[in-house]
Amino acid sequence: MSALPLVALVGNPNAGKSALFNALTGARQKLGNYPGVTVERKAGRLSLPDGRPVELVDLPGTYSLDPTSPDEQVTRDVVLGRQEGERRPDALIVVVDASNLDNHLRFALELIALGLPTVVALNMVDLATRDGLELDANVLARELGVPVVSTVAVRKRGLDHLRQALEGQMNGAPAPYITGPVRDFDAVRTDARRIARAAIVRETPSRRLTAAVDRVLLHPVAGFLILLALLFVMFQAVFSWASAPADLLEGWVTALGEAVTATLPPGILHDFLLQGVVGGVGAVIVFLPQILILFFFILMLEATGYMARAAFIMDGLMARVGLSGRAFIPLLSSFACAVPGIMATRTISDPKDRLTTILIAPLMTCSARLPVYGLIISAFIPARDVGPGIGLQGLVMFLLYVFGIVGALIAAWALRLTVTKGQSSGFLMEMPKYQWPRPQDLLIGLWQRAVIFLKRAGTIILFTNIVLWALMSFPKAPDGVRQSEYSIAGRIAGGIHLLVAPIGFNRDISLALLPSMAAREVAVSAIATVYAIDAEDDVEALDKGLGERLQGRWSLATALAFLAWFVFAPQCISTIAVTRRETAGWKWTGFMIGYLFTLAYVAAGITYWTAVALGLG
Amino acid sequence: MRLTDLPLRQPAYVDWIDWAALTPSEGQRLREFGLCEGASVEALHHGGFLGKGPIACKVGRMTIAMRRAHATAITVRTGPEMAETEKAA
Ligand SMILES: Nc1nc2c(ncn2[C@@H]2O[C@H](COP(=O)(O)OP(=O)(O)OP(=O)(O)O)[C@@H](O)[C@H]2O)c(=O)[nH]1
Ligand SMILES: [Mg+2]
């Protein structure tokens with residue numbers, strides 16, 4: 001590692017450390033208006049006014065240097081230089097929330113007492129003003145004995161002053177490393193309150209916006225219904241808002257395929273591009289609008305401060321299955337992807353609680369499953385309204401997500417009674433003030449997600465699909481035999497088919513199951529490639545959409561069983577990898593893979609047999 | 001009166017906290033939230049179906065959520081007396 005001076009951003013959760021980190025280094029760390037967004041150490045580079053570079057690290061928020069959860073432990077270890085292979089920071093930027101000063105100053109005093117060169121960023125002064133609070137940074141600086149700079153991290157205000165103050169502190173006498181006497185917690189708190197009060201210039205009665213909104217959103221009945229309605233609208237939107245842009249994208253993909261046919265002579269290169277690349281990956285890319293709509297909602301929930309409210313509303317229910325409302329935040333994040341969701345469980349202090357949450361996180365329907373759901377639903381569920389403004393397709397999508405959530409809660413309950421038995425932990429959480437997200441932040445967030453999705457499509461999905469195409473294209477089948485069955489991949493799938501035939505899966509699905517472990521979207525591209533290869537020269541078949549082709553070949557019972565499988569089943573490789581890292585071993589990872597596969601198999605089986613019994617086979 | 005019985009939006013002060021009824025880490029977290037004898041509190045919302053859910057309350061300028069089990073360990077007092085911390089200031 002470089003020997004650049006190391007500066008750490010420390011402070012209470014949700015003080016704006018990551019926002020400041022982004023503003024100072026140009027990074028794009030995740031922000032969110034709830035405590036516990038950052039769960040690991042992130043480094044970036046910052047230049048002091050004299051041009052000297054320093055390494056800046058963003059840390060998880062914590063209330064003291066006495067950690068109660070794994071993420072807070074990271075902060076303690078970095079600040080005290082206990083992290084293995086890491087040097088101790090040369091200076092600290094302590095970030096405090098101006099609208100919640102007496103609480104944040106207590107930790108600030110604890111950090112200042114460490115004796116490192118320190119600058120205090122008095123952040124969120126705009127929110128304090130909104131609350132009718134005006135503060136004097138000079139009074140604070142005098143009382144604390146370190147420079148205090150007013151900042152608004154999200155508007156990049158006060159950054160130059162902050163850099164200057166940091167430079168001034170770092171140019172001072174070398175850090176003496178004299179730690180002051182450890183003071184009694186209560187004494188520090190009393191001090192913090194006194195200083196916070198002294199710094200107030202003016203205090204007008206605040207508009208209690210947050211409390212007023214909470215009266216509705218946290219209402220025992222209304223609040224719960226609003227949460228449900230929100231999720232419902234989210235999935236309606238995924239279908240209804242996405243159809244126009246998705247059609248447009250599909251048009252482009254088709255045009256690209258036609259261009260390939262027009263320019264290339266028939267042959268292996270033509271087939272490879274048309275079937276393996278455009279047909280396969282294109283079938284996934286058309287789901288970009290749906291994924292962005294899902295992320296739009298998730299970003300809104302995270303930025304407004306609603307996440308903590310969702311945790312509050314769900315706590316009663318979560319308590320019944322032996323979890324805390326706090327676990328609902330990682331679970332909601334898992335709608336985007338289980339990997340950050342599992343990382344976010346680091347904010348849960350009780351180890352058994354945390355383990356249970358990790359084990360059920362893959363049951364939350366991640367965005368990679370959206371293309372699979374989308375494809376099957378649009379092929380087999382008619383696009384009609386079942387009520388005013390309620391589309392049947394969106395309703396089915398909503399139900400699939402609900403099955404995932406209910407499945408997760410039941411699994412948690414069963415796990416808590418058996419393998420992760422233990423005292424149920426409490427629910428103690430700070431509720432942030434509401435904020436209206438800034439449009440540019442939302443747009444940047446969506447842009448980032450689009451880039452990530454397209455990168456995935458262009459790398460892992462493309463690569464897996466190319467391998468699959470090759471395995472499906474050779475050896476060439478004699479006339480009258482389906483290429484997808486005769487090929488190497490087809491023979492492997494034949495073996496898998498023996499296992500999954502009882503639950504109604506056909507050979508196409510068997511073929512898609514294994515590669516979809518790499519990335520779930522591959523299930524869609526794999527099926528698209530199967531049909532492209534089998535259709536080969538059949539121009540008429542190629543003109544039909546993938547959905548239409550599925551209708552001809554799958555029974556409704558099979559389609560429903562496939563959906564049920566995907567609600568519960570195979571977590572992708574990255575989920576398995578992150579589970580192994582976060583549970584520190586294969587024991588629980590293996591357990592998770594085993595129970596999820598069993599659950600998926602049984603759920604798909606029950607769905608299939610029921611559907612067949614109802615005459616849908 | 002216990003915090004669970006405190007009427008909503010009525011300012012009060014913490015009289016006494018039964019730390020023994022809380023696990024060490026819960027006690028620590030409450031302390032870090034600024035809850036201590038003499039702190040001003042105000043119950044804001046009771047959540048959950050059938051009143052079994054958590055309680056949101058204001059401590060200083062912060063809103064925190066806690067389970068009823070924690071709130072029953074906190075005895076509060078309403079009335080004109082000033083909080084200790086405020087007297088100290
Ligand atoms: N109004 C306002 N909002 C801010 C300011 N700084 C940060 N925010 C917002 O406050 C929320 C929390 O900011 P983060 O930077 O994620 O906070 P953090 O300290 O990194 O939080 P943790 O990672 O959970 O410890 C986000 O919604 C930010 O957009 C500010 O100066 N003014
Ligand atoms: Mg952060």
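Remember, predicted model here, so these are calculated numbers, not experimental data. Naming convention: chains lettered A, B, ... in sequence-line order (proteins, then strands); numbering from 1 in each chain.
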| task | With a 4.5 Å heavy-atom cut-off (strictly below), which parts of residues 24-31 of chain B touch chain A? List them by number. | result | B:S25, B:E26, B:Q28, B:R29, B:L30, B:R31

| Which heavy atom of B:A65 sits nearest a heavy atom of A:M431, and at what distance? | CB-SD, 3.9 Å

| message | For A:L133, which atoms come within 4.5 Å of any heavy atom of chain B: side chain, backbone, both, or neither? | response | side chain

| Is the number of heavy atoms from other residues, nucleotides or ligands within 6.0 Å of CZ (B:R2) greater than 12? | no

| request: Write down the atom of B:P54, the atom of A:G316, and the distance for their closest heavy-atom approach. | output: CD-N, 4.5 Å

| field | Heavy-atom proximity to chain B below 4.5 Å, by part of A:S324 | value | both

| Proximity breakdown for B:H45 and chain A, heavy-atom pairs closer than 4.5 Å | both

| task | Could I get the full list of side-chain contact (heavy atoms from CB on, under 4.5 Å) partners for A:L109, not counting sequence neighbours? | result | A:L144, A:V188, A:D191, A:A192, A:I195

| said: Report which part of A:D350 has an atom under 4.5 Å of a heavy atom belonging to chain B: side chain, backbone, both, or neither. | reply: neither

| request: Specify which of B:T63, B:I64, B:L8 makes the most heavy-atom pairs with chain A at under 4.5 Å. | output: B:T63

| said: Under a 4.5 Å cutoff for heavy-atom pairs, which residue among A:G325, A:G426, A:P432 has the most contacts with chain B? | reply: A:G426

| request: With rounding to the nearest 0.5 Å, note down the distance linking CD in B:E32 to CG in A:D66. | output: 7.0 Å

| task | Ignoring hydrogens and angles, tell me if any N or O in the side chain of A:N103 forms a donor-acceptor pair with the backbone of B:M62 under 3.5 Å. | result | no

| request: Not counting sequence neighbours, which residues clear side-chain contact (heavy atoms from CB on, under 4.5 Å) with A:T62? List them please. | output: A:E72, A:T75, A:F107

| field | With sequence neighbours excluded, residues passing ring-ring contact (aromatic ring centres under 6.0 Å, His included) with A:Y34 | value | none

| task | With a 4.5 angstrom heavy-atom cut-off, could you sort out which part of A:S349 is near chain B: side chain, backbone, both or neither? | result | neither

| Options A:K433, A:E430, A:M314, A:R215, ranked by heavy-atom pairs under 4.5 Å with chain B, top entry | A:R215

| task | Hey, could you give me the CG/CG distance between B:L22 and A:L428, rounded to the nearest 0.5 Å? | result | 8.5 Å

| said: Given heavy-atom pairs under 4.5 angstrom as the criterion, report whether the side chain, backbone, both or neither of B:A56 touches chain A. | reply: both

| request: Would you please test A:S99 and B:R61 for side chain to side chain contact (heavy atoms under 4.5 Å, CB included) and show each step? | output: CA-CA 7 Å; A:S99 65; B:R61 291 186 169 273; 5.9 Å; no

| request: Considering only heavy atoms and a distance below 4.5 Å, find which of A:I313, A:D214, A:D102 pairs most often with chain B. | output: A:D214

| Non-hydrogen atoms of A:R193 and B:C36 that approach each other most closely | NH1-SG, 4.3 Å

